[in-house]
Amino acid sequence: MVALSGAHTVGFSHCKEFSSNIGNDTHYNPRFAQALKQACADYPKNPTLSVFNDIMTPNKFDNLYFQNLPKGLGLLKSDHGLYNDPRTKPFVELYARDQNKFFQDFAKAMQKLSVYGIKTGRKGEIRRRCDAVN
């Protein structure tokens with residue numbers, strides 16, 4: 001699961017998904033939290049506002065996402081949880097220092113996930129939006 005969370009190294013999240021946590025979660029780097037508050041200030045009026053999941057290399061699949069977590073630069077509550085939970089922290093630290101290991105474990109996890117409980121026909125659906133049922 002930690003390796004799969006590394007997918008947050010690319011892409012973005014809408015402000016509505018994390019804005020309520022910024023003031024309540026002490027795991028955010030203070031300067032990062034302030035920048036997020038500013039970037040998302042108008043999200044109630046503009047629900048399309050979003051920020052990159054990985055502020056360092058948002059368009060590159062790499063291990064900087066894991067290097068950012070100990071610095072308080074995780075965007076989502078689940079990101080902070082990975083580093084702050086003693087069960088997952090060793091994996092974050094491993095992937096932060098060993099990009100190849102992250103790539104290998106991510107590939108294995110994606111392969112396993114790709115065949116897990118696939119719903120076909122009327123049992124499943126392809127969502128038009130990942131955050132909403134059609």
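Fair warning: this is a prediction, and the values are worked out from it, not measured in the lab.
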### Task
State yes or no: do Tyr83 and Met56 share one hydrophobic cluster built from I, L, V, M, F, W and Y residues joined by side-chain heavy-atom distances below 4.5 Å, directly or via other members?
no
### Query
Tyr28 and His80: aromatic ring centres closer than 6.0 Å?
yes
### Query
Has Phe32 got more than 12 heavy atoms of other residues, nucleotides or ligands less than 6.0 Å from its CZ?
yes
### Message
List the residues meeting side chain to side chain contact (heavy atoms under 4.5 Å, CB included) with Lys108, not counting sequence neighbours, and say none if there are none.
### Response
Asp105
### Task
Could you walk me through whether Asn84 and His27 pass the side-chain contact (heavy atoms from CB on, under 4.5 Å) test, one step at a time?
CA-CA 9 Å; Asn84 294 301; His27 299 110; 3.1 Å; yes
### Residue Phe91 excluded, over 12 heavy atoms near CZ under 6.0 Å
no
### Message
Grouping I, L, V, M, F, W and Y whenever their side-chain heavy atoms are under 4.5 Å apart, do Ile55 and Ile22 come out in a common cluster?
### Response
yes
### Query
Can you tell me if Gln104 and Asn100 form a side-chain donor-acceptor pair at under 3.5 Å?
no
#### Entry: salt bridge (Lys or Arg N to Asp or Glu O under 4.0 Å) pairs, two or more places apart, involving residues 57-71
none
### Task
Verify side-chain contact (heavy atoms from CB on, under 4.5 Å) between Leu75 and His8, making sure each step is shown before the conclusion.
CA-CA 9 Å; Leu75 184 62; His8 290 174; over 6 Å; no
### Query
Of all residues at least two apart in sequence or in a different chain, which pass the ring pair (Phe, Tyr, Trp, His ring centres under 6.0 Å) check with Phe61?
Phe102, Phe103, Phe106
### Query
Is it true that a side-chain atom of Asp98 and a backbone atom of Lys101 form a donor plus acceptor pair closer than 3.5 Å?
yes
### Shared hydrophobic cluster, Leu36 / Phe52 (ILVMFWY, side-chain heavy atoms < 4.5 Å)
no
### Asp54: partners by side-chain hydrogen bond (donor to acceptor under 3.5 Å, both in side chains), with sequence neighbours left out
Thr9, Thr57, Asn68
### Message
Tell me whether Leu4 shares a hydrophobic cluster with Phe12, the cluster being built from Ile, Leu, Val, Met, Phe, Trp, Tyr side chains joined at under 4.5 Å.
### Response
no
### Task
Using the rule that two of Ile, Leu, Val, Met, Phe, Trp, Tyr join whenever any of their side-chain heavy atoms come within less than 4.5 Å, decide whether Val10 and Tyr65 are in one cluster.
yes
### Task
Output all residues satisfying salt bridge (charged side-chain N to carboxylate O under 4.0 Å, His left out) with Asp85, sequence neighbours left out; order by chain, then residue number.
Arg87
### Message
Applying salt bridge (charged side-chain N to carboxylate O under 4.0 Å, His left out), can you list everything that pairs with Lys16, at least two apart in sequence or on another chain?
### Response
Asp131
### Message
Tell me whether Thr88 contacts the main-chain N or O of Leu82 through its side chain, where contact means a donor paired with an acceptor under 3.5 Å.
### Response
yes
